[in-house]
Amino acid sequence: MFAVVVYYSSLTRTVTGGPTEQQLGHLDVMPVLVLSEGAGPGAQVPSHLTRIPFSLISTSTNYTNKTVKGKVVLKGPLVFLAADNFILKTVIQEEESQPSASSQKLSINVVLFGALAKDFNQAVNQGDVVVASGFTVGKSPTFHKDKLHPCNLLLSEDDSCIYVSRLPPPPDPRSPPAIKRRSALSAEVSRTTKVPKYTYVRLSDLKAGSVVNVYGVVLFFKQPFKSRGTDFCSSLKITDQSNQKICCTVFCEKLDDHPKIFKIGDIVRMHRVKTKFFNDSITLINTFGFSVVTFDGAVGGAVEPRTSSRSFHFDQEDVQIVEELRSWAASQALLPPVPKIPLSAVQPSAYFDLTCQLLAKAPIDTTCTLLRVWDGTRCPHTLLKVIVEPNVTEGPSSFSTVRENLIANILVYDNHVEVARQLKPGAFLRIYNLRAIPGSSKVPGLTSSQSEEVDHLAFHLHGGTAYGRGIRVLPENSPDVQELKRVMEAVPDNDMDDELNDSALLEIWSTPPEYLEFFLDLDKNLTTKRIFFAGGGFLIQNSYQWTWWFVFPGNAVKTKCRQCSEAAVREPSAEGVKLIDEKIIAEALGVQLLQFVLLMKLELQDATDTLDVFLWRDGESFFGVSAEDIAANQEAQNSICQTMDSLCPPGGRTGERPWLDLCLTAYRAEDNGRRDQTCYQICDTIITKHPSTRSDPDPA
DNA sequence: GGTTAGGCTTTG
């Protein structure tokens with residue numbers, strides 16, 4: 001038996017089968033909860049309403065007279081927005097009565113506003129089955145995170161109904177649950193007061209000398225910049241359906257209090273701004289109690305308020321105003337048709353806004369900072385290379401060739417240097433009014449006559465805030481960042497044929513193994529193999545990407561030591577030598593040949609603890625095989641595989657693994673102060689193969 | 001409680 005709760009948000013609705021006004025008493029626009037018993041779920045859902053499956057929900061359909069039904073699988077907290085205004089998110093899962101091709105149950109986010117949220121919080125529990133009507137549908141902003149339905153349902157106190165059914169609790173003769181609930185709810189209703197409404201003044205109706213609330217579409221904006229006074233200053237120009245264009249200035253000490261505007265077309269709502277005449281026009285300036293909320297301006301997108309404010313008013317009316325402004329702006333074509341310009345579409349000499357990820361940065365001088373960024377696309381033009389000292393670089397100082405070819409070096413000047421100082425590598429940015437400056441640079445050939453001028457593009461963010469020049473960190477959940485990530489994820493991280501570029505090689509060569517993960521970004525490319533030793537110890541082999549870094553799961557790093565190589569170009573002195581091999585060429589060019597390095601990371605365990613150790617400098621003597629042979633010689637690879645198999649038989653039990661005596665070196669590793677840790681390397685230890693099955697390494 | 005800026009016609 002079900003107890004059925006019918007929940008009406010407003011008496012102004014006429015619902016077939018619903019309670020009469022007498023039953024409800026005299027109430028004024030109040031959410032009402034009515035109980036009845038003995039009926040099945042949905043029994044009192046008005047007959048003119050028809051249920052639709054979650055799979056048919058999209059933003060392009062009208063849902064008048066439609067319902068959805070689902071079990072409450074998640075009930076979020078009741079969030080206080082303003083006096084007697086609330087928001088609550090819940091997730092409902094489709095019930096099985098709708099046959100579905102997929103056995104997977106669909107779930108959808110539901111957002112409740114106002115008193116509806118408050119009463120839902122009281123009346124509904126996780127596990128209840130609800131039927132909802134009178135909802136609108138928006139794009140779910142959390143779709144990529146929660147993988148639930150791409151849309152969400154928006155329910156307001158004025159338009160929506162929720163019908164709740166649940167299995168009744170065990171009967172309690174002293175206090176029937178239905179009665180109890182009714183009285184609890186009555187008390188709730190008597191406490192409810194009217195939500196304060198804000199009124200918004202059309203921009204054409206502004207009169208000087210008043211304090212108003214306004215909504216508008218952003219036509220122009222400057223990111224907050226430091227004023228000469230105590231505050232940051234934001235500058236924006238907005239318009240609305242009246243077509244009046246109004247300049248606004250916001251002074252706030254805290255950046256968080258400024259409007260979070262990402263692009264032209266965003267929608268901004270400001271509370272408590274004062275109107276003032278300047279240059280024969282009305283302007284707006286923030287005044288006491290000022291607050292601002294912004295929204296994305298894309299038609300059909302989720303209406304998600306962007307604010308750092310912990311308490312702000314936001315209800316269905318705001319959703320409506322935003323949506324109206326969005327459609328109006330789209331119909332007016334008043335926004336300059338600035339398509340998003342990725343690096344792949346950058347035109348020489350053009351100014352553009354770039355959405356990108358910061359990979360590394362380095363100060364050039366007091367007025368200039370280098371930002372190394374990418375957006376996952378490749379600029380067809382040769383890009384300016386900027387060489388900086390690795391030790392002044394924040395973030396990796398070099399990248400794989402594949403990645404390097406996608407990186408744009410941006411020089412930011414003057415006031416932007418301070419902003420750049422705060423940025424962290426990894427951050428997603430939008431850089432406004434970036435200039436792609438064509439230029440040429442000399443690339444030396446073997447002889448001076450072969451030097452050639454090569455065109456390149458340099459990226460500059462000029463000083464000042466004219467044209468909205470500036471840098472803004474975008475939140476990870478913004479649609480543009482989500483899109484950027486999708487593009488970036490599609491870029492192969494490491495081309496199999498790609499070798500690391502010279503500076504990366506240099507980095508690896510001169511870098512202790514404990515830092516290789518940082519430089520090679522091994523987290524993503526690591527092949528991890530766990531091999532158990534006797535006593536439950538185990539060993540991990542890190543397999544760096546290598547053409548064979550497949551045959552052999554160990555790893556080697558091929559590197560050229562630039563420190564040992566001279567930059568000068570020499571004439572080959574190969575006269576009289578018939579066989580010219582790579583060593584002769586290398587000598588002639590003053591280049592130290594690439595070398596192979598064997599590197600493994602092992603995790604050892606004895607009865608007391610585990611320990612991470614590297615096998616690096618003495619790796620060749622440990623196995624009795626040179627790294628060069630391992631790279632080129634199948635026999636050498638087999639030899640190592642055999643040794644490893646004897647130490648940790650594939651699929652074998654821990655009891656079969658031999659105990660090892662190893663000689664370790666402990667050392668302190670530092671990396672420009674970034675990390676400081678004790679590391680261990682196996683040293684002076686060789687593996688000897690006994691004719692018996694016992695495999696004991698002999699410490700030297 | 002007062003101050004800041006008041007887009008722009010584009011340096012390196």
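Proteins get letters first, then strands, A, B, ... in listed order; numbering begins at 1 in each. Being a predicted model, the structure only gives us computed values, none of them experimental.
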**Q** When the distance from CG of A:Leu434 to P of B:dT11 is rounded to whole Å, what number comes out?
**A**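 Checked: the CG to P distance equals 15 Å.
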**Q** How is A:Arg435 classified with respect to the nucleic acid when contacts are heavy atoms under 4.0 Å: base, sugar-phosphate, or nothing?
**A**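 It contacts nothing in the nucleic acid.
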**Q** Go through the side-chain N and O atoms of A:Gln316 and A:Gln320 and say whether any donor and acceptor fall under 3.5 Å apart.
**A**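 A:Gln320 and A:Gln316 do not have a side-chain donor-acceptor pair below 3.5 Å.
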**Q** Using a 3.5 Å distance criterion without hydrogens, assess whether the side chain of A:Asn213 forms a donor-acceptor pair with backbone atoms of A:Tyr200.
**A**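 Side chain of A:Asn213 to backbone of A:Tyr200, a donor-acceptor pair under 3.5 Å: no, none is there.
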**Q** For A:Phe314 and A:Phe312, take the angle between the two ring planes, folded into 0 to 90°, and tell me which bin it lands in: parallel under 30, tilted 30 to 60, perpendicular over 60.
**A**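 Tilted.
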**Q** Fit a plane to each ring of A:Tyr215 and A:Phe295, take the angle between them on a 0 to 90° scale, and name the class: parallel (under 30°), tilted (30 to 60°) or perpendicular (over 60°).
**A**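 It falls in the parallel class, under 30°.
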**Q** Have A:Lys245 and A:Ser281 got a donor and an acceptor in their side chains that come within less than 3.5 Å?
**A**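 No pair is found: no donor N or O on one side chain lies under 3.5 Å from an acceptor on the other.
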**Q** Answer with yes or no whether the side chains of A:Thr367 and A:Asp365 bring together a donor and an acceptor at under 3.5 Å.
**A**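 A pair is found: one side chain offers a donor N or O, the other an acceptor, under 3.5 Å apart.
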**Q** Whole Å only: how far is the CG atom of A:Leu461 from the C1' atom of B:dG12?
**A**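 In whole Å, B:dG12 C1' lies 12 Å from A:Leu461 CG.
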**Q** Please list, by residue number, the residues of residues 364-372 of chain A whose heavy atoms come closer than 4.0 Å to an atom of DNA chain B; answer none if no residue qualifies.
**A**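 Nothing qualifies; none.
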**Q** In whole angstrom, give the distance that lies between atom CG of A:Leu411 and atom P of B:dG12.
**A**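 Checked: the CG to P distance equals 11 Å.
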**Q** Can any side-chain N or O of A:Lys276 pair as donor or acceptor with the backbone N or O of A:Ile285 at less than 3.5 Å?
**A**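 No, because the side chain of A:Lys276 does not come within donor-acceptor range (under 3.5 Å) of the backbone of A:Ile285.
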**Q** Rounded to whole angstroms, how far apart are NE2 on A:His462 and C1' on B:dC8?
**A**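 In whole Å, B:dC8 C1' lies 14 Å from A:His462 NE2.
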**Q** Tell me whether the rings of A:Tyr198 and A:His271 are parallel (<30°), tilted (30 to 60°) or perpendicular (>60°).
**A**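 A:Tyr198 vs A:His271 ring planes: parallel.
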**Q** When you check every protein heavy atom under 4.0 Å of nucleotides 2-7 of chain B, what one-letter string (B, S, -) results, 5' to 3'?
**A** BBBBBB
